[in-house]
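One structure is given below, encoded as structure tokens.
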Protein chains: 2
Amino acid sequence: MKKKIEFRSQCPISTALDIFGDKWTLLVIRDLLFNGKRTYGEFLESEEKIATNILADRLSILEMAGIISKKKHPDSNAKILYNLTAKGIDLIPVLIEIIAWSEKYHDVHPYAKKFAKQLHKDKEKVVRQLFENFTKK
Amino acid sequence: MKKKIEFRSQCPISTALDIFGDKWTLLVIRDLLFNGKRTYGEFLESEEKIATNILADRLSILEMAGIISKKKHPDSNAKILYNLTAKGIDLIPVLIEIIAWSEKYHDVHPYAKKFAKQLHKDKEKVVRQLFENFTKK
DNA sequence: CTGTATCCTTAGGGATACTG
DNA sequence: CAGTATCCCTAAGGATACAG
């Protein structure tokens, strides 16, 4: 099930939306970034309940776009580990700003409020720490 | 054609995606923020060629979400002017980060590259100026 | 456990005509 | 000019079974 991404224009916003402009893709990236999830099964468990076919589709798009990479789990052959590439890690500031905006105007989980508070205090630091988490691996 | 937004969870990312997680909504906001567009007809002209029914749908969602507001054009009765609310203006950092990411990894318009260069030099300043543009009106 | 495949329903969306 | 309405088709997505 291979399909290439069609870009509607050379506008950077439009280009980004052609990759992750849907209701699911950024949730997978969220799980990788903030929830330490790495495997197919873990993504399926998230509370928004993504369907298995949609997950497989989005993972293949993300891999094609160079945002995630796959490798075998050291223990089991069947198990696969997904990881963010540098391009994926660079989405941290985008996610951070979405969280900050959303928390300001909507009712969100308590832990999200707490996280937003940290952001408000020292955004630079939070972003730097997130980057460090992923680049030292 | 009124429909309310269904939120899948209280995750801030998920909540944001429930509002603008599609291929068109952020393009309308882009046009308001960066291209000075204010009317229905102007949105229709954008190069990605949004369909008239989709545009009407997204405008009503954005209004319902409190991101844009409508008012009559001073000259003509029929003409309507759309404007960003404070909640809409607060999406500036989100759009800015998307532009920065997209420009880094994809082929974009020359003027987008130029804009990204400014961002790279002094992001704070660019953001501040964008905010000022909208809050003084 | 990681996907694929299938079936089926709904939502998204393009084209176009039309109304106030 | 700002929408609505309609037609129609495709894509998205949920449920479930199944294959490697």
Side-chain angles (χ1 to χ4, degrees), chain A residues 1-9 14 17-28 31-32 36-65 68-83, chain B residues 1-9 14 17-28 31-32 36-65 68-83:
Chain A
M1 190 208 281
K2 190 197 272 187
K3 50 178 170 182
K4 65 169 187 288
I5 302 165
E6 301 274 359
F7 294 110
R8 292 168 290 175
S9 78
S14 163
L17 293 177
D18 289 331
I19 298 173
F20 59 70
D22 73 285
K23 296 212 183 304
W24 296 107
T25 306
L26 285 184
L27 295 186
V28 174
D31 285 343
L32 284 160
K37 302 195 175 183
R38 291 289 178 279
T39 66
Y40 197 89
E42 287 172 337
F43 298 134
L44 283 179
E45 285 166 11
S46 294
E47 64 175 328
E48 293 87 4
K49 294 295 160 210
I50 189 169
T52 166
N53 54 341
I54 305 298
L55 176 58
D57 179 68
R58 296 308 131 90
L59 287 172
S60 82
I61 290 174
L62 284 170
E63 195 189 0
M64 205 167 30
I68 61 170
S69 62
K70 297 164 66 167
K71 65 171 183 181
K72 282 193 189 121
H73 191 104
D75 301 345
S76 147
N77 258 357
K79 214 161 191 171
I80 287 174
L81 288 177
Y82 295 91
N83 257 295
Chain B
M1 188 206 282
K2 191 197 269 188
K3 51 178 171 183
K4 66 167 185 289
I5 302 166
E6 302 274 358
F7 294 110
R8 290 169 292 175
S9 79
S14 164
L17 293 178
D18 289 332
I19 298 172
F20 58 71
D22 72 287
K23 296 211 183 303
W24 295 108
T25 306
L26 285 185
L27 295 186
V28 175
D31 285 343
L32 283 159
K37 301 195 176 185
R38 291 288 177 279
T39 67
Y40 198 87
E42 287 172 337
F43 298 134
L44 283 179
E45 285 165 11
S46 294
E47 63 175 330
E48 292 87 6
K49 294 293 161 212
I50 188 169
T52 167
N53 54 341
I54 306 298
L55 176 58
D57 180 68
R58 297 308 133 88
L59 287 171
S60 84
I61 290 175
L62 283 171
E63 194 189 1
M64 205 166 29
I68 61 171
S69 62
K70 297 164 67 167
K71 66 171 182 180
K72 281 193 190 123
H73 190 105
D75 301 346
S76 148
N77 257 357
K79 214 161 190 172
I80 287 174
L81 288 177
Y82 295 92
N83 257 295

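We name chains A, B, ... by the order of the sequence lines, and we start the count at 1 in each one. Side chains included, hydrogens not; waters and symmetry mates left out as well; all remaining heavy atoms used.
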Hey, what do you get for [atom1] ([X]) to [atom2] ([Y]), rounding to the nearest 0.5 Å?
X: B:Leu26; Y: B:Leu32; atom1: CG; atom2: CG; result: 11.5 Å
X: A:Leu44; Y: A:Ile50; atom1: CG; atom2: CD1; result: 7.5 Å
X: A:Arg8; Y: A:Asp18; atom1: CZ; atom2: CG; result: 4.5 Å
X: B:Ile80; Y: B:Tyr40; atom1: CD1; atom2: OH; result: 10.5 Å

Quickly work out the [X] [atom1] to [N] [atom2] distance and round it to whole Å.
X: B:Phe43; N: D:dA2; atom1: CZ; atom2: P; value: 10 Å
X: A:Ile61; N: D:dA12; atom1: CD1; atom2: P; value: 8 Å
X: A:Leu44; N: D:dG14; atom1: CG; atom2: P; value: 12 Å
X: B:Asp22; N: C:dG13; atom1: CG; atom2: C1'; value: 11 Å
X: B:Glu6; N: C:dG12; atom1: CD; atom2: C1'; value: 17 Å
X: B:Asp18; N: D:dG13; atom1: CG; atom2: P; value: 12 Å
X: A:Lys72; N: C:dC1; atom1: NZ; atom2: C1'; value: 15 Å
X: A:Leu55; N: C:dC1; atom1: CG; atom2: P; value: 14 Å

Does A:Lys37 use its side chain to pair, donor to acceptor, with the backbone of A:Phe43 at less than 3.5 Å?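 No; zero donor-acceptor contacts below 3.5 Å.
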Taking the nucleotide of DNA chain D with the closest heavy atom to each, which residue, B:Lys70 or A:Ile50, is nearer the 5' end?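 The residue mapped nearer the 5' terminus is B:Lys70.
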B:Lys23 has a side chain; which of D:dG13, C:dT4, C:dG13 sits nearest to it?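 The nucleotide sitting nearest to the side chain is C:dG13.
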What residues, two or more places apart in sequence or in another chain, satisfy side chain to side chain donor-acceptor pair (under 3.5 Å) together with B:Ser9?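 Side chain to side chain donor-acceptor pair (under 3.5 Å) list for B:Ser9, sorted by chain: A:Glu48, B:Ser14.
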Set of residues satisfying side chain to side chain contact (heavy atoms under 4.5 Å, CB included) with respect to B:Asp22, sequence neighbours excluded: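 For B:Asp22, the residues satisfying side chain to side chain contact (heavy atoms under 4.5 Å, CB included) (neighbours in sequence not counted) are B:Trp24, B:Thr25, B:Arg58.
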Is any side-chain nitrogen or oxygen of [X] closer than 4.0 Å to OP1 or OP2 of [N]?
X: A:Thr39; N: C:dT2; result: yes
X: A:Arg58; N: D:dG13; result: yes
X: B:Trp24; N: C:dG13; result: yes

Identify each atom pair where a protein N or O and an N or O of nucleotides 15-17 of chain D are less than 3.5 Å apart, giving names and distance.
unit_1 : atom_1 : unit_2  : atom_2 : d
D:dA15 : N6     : A:Asn53 : ND2    : 3.3

Nearest-nucleotide 5' precedence on DNA chain C, B:Ile54 against A:Tyr40: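 The residue whose closest nucleotide sits nearer the 5' end is A:Tyr40.
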